[in-house]
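Here the structure comes first, spelled out in structure tokens, and everything after it is commentary.
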Amino acid sequence: MRLVSAAMWKVIKERNVLHYGTVEDFVTLACESVPALLTGRHQAKLALGLRARLILELCSGQGPLDLQLILPHLDKIRSPVSSSRRLKKDVKIENTVDNFRLLVQTLTKDATARELFYKEEFPVQYGPQFDQELEKLLWEFLVRLDLLLPVPNLAQTVSWLSASPAVLEECAQAASQPQLLKTLLHYQTCHGHLESAGTALAAKQKEPRREKTVGRYRAGRRERGSWLTALGGWR
């Protein structure tokens with residue numbers, strides 16, 4: 001599990017955006033196995049932010065867009081769901097999801113609006129600051145997950161993987177197999193690593209409180225903002 005965690009961290013550090021969907025799948029599976037791992041808002045910002053950044057990368061091409069590649073990812077843009085009360089409906093998340101879906105619809109249908117978005121808005125709303133915020137969110141998630149696992153720690157594992165690119169690639173491939181991840185998480189839970197530590201986390205944790213014309217596109221800019229800005233504080 002630590003090898004997979006380290007591989008996910010390398011993906012974010014190297015800004016390998018096309019693999020962000022795999023990172024999001026890993027985060028979601030871990031949070032389903034240990035509901036107390038993250039607050040609902042933190043999970044939403046991280047999981048949805050990763051998927052949104054991937055979609056925007058796929059929409060950034062100059063020529064015709066591959067909708068068969070984009071739409072399956074867009075279908076995954078929704079508020080995290082859980083059987084626990086921890087992830088009760090969050091209006092801010094719901095609104096952000098709706099606004100992002102409208103943005104993607106505009107980008108896929110209107111080449112002029114798409115050009116303007118990536119020239120004027122994307123560098124500000126989804127540029128380096130957005131990437132750094134995603135990095136912080138993922139690191140906090142990995143640190144909390146790391147507390148639930150036995151030695152070696154995450155820092156040591158990342159160091160090992162940095163010297164072994166082939167192993168890193170194998171771990172990244174493993175993270176793309178949901179059933180394998182579920183098996184790993186189930187193993188840790190059965191051995192008490194996740195369950196006992198997750199209970200401790202739960203005791204400490206509290207929930208935090210397109211238009212086709214250029215003119216209409218720019219008018220909607222203020223409402224959209226970036227994904228992380230729209231959702232506000234994540235702790």
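FYI, side chains are in, hydrogens and waters are out, and symmetry mates aren't considered; it's all heavy atoms of this structure. The first residue of the sequence shown is numbered 1, and numbering continues consecutively from there.
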If you apply the rule side-chain contact (heavy atoms from CB on, under 4.5 Å), what do you find for Tyr118 with Leu107, and how did you get there?
CA-CA 10 Å; Tyr118 284 101; Leu107 298 180; 4.1 Å; yes
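Residues Phe26 and Ser5 have side chains in contact (heavy-atom distance under 4.5 Å, counting atoms from C-beta outward).
Other residues, nucleotides and ligands contribute only 12 or fewer heavy atoms inside 6.0 Å of the CD atom of Glu115.
Rounding to the nearest 0.5 Å places CD1 of Ile93 at 9.0 Å from CD of Gln43. Residue Asp75 holds its CG atom at 10.0 Å from CD1 of Ile77, rounded to the nearest 0.5 Å. The line from CG of Leu50 to CG of Leu138 is 6.5 Å long, rounded to the nearest 0.5 Å. Taken to the nearest 0.5 Å, the CG atom of Leu137 stands 4.5 Å off from the NE2 atom of His42. To the nearest 0.5 Å, the span separating CD1 on Ile55 from OH on Tyr20 amounts to 14.0 Å. For the atom pair CD (Glu94) and NZ (Lys92), the distance works out to 13.5 Å, reported to the nearest 0.5 Å.
Remark: Glu57 does not engage Arg15 in a salt bridge, criterion side-chain N to carboxylate O under 4.0 Å. Salt bridge status for Asp25 with Arg51: present, with a side-chain N to carboxylate O gap under 4.0 Å.
Checking each of Thr108, Val104, Leu58 against Leu74 for a side chain to side chain contact (heavy atoms under 4.5 Å, CB included) leaves exactly one that passes, namely Val104.
In this structure, a donor-acceptor pair under 3.5 Å is present between the side chains of Glu24 and Thr28.
A tilted orientation is assigned to the rings of Phe117 and Tyr126, their planes being inclined by 30° to 60°.
Looking only at distances, a side-chain donor or acceptor of Asn99 sits under 3.5 Å from a matching main-chain atom of Asn95.
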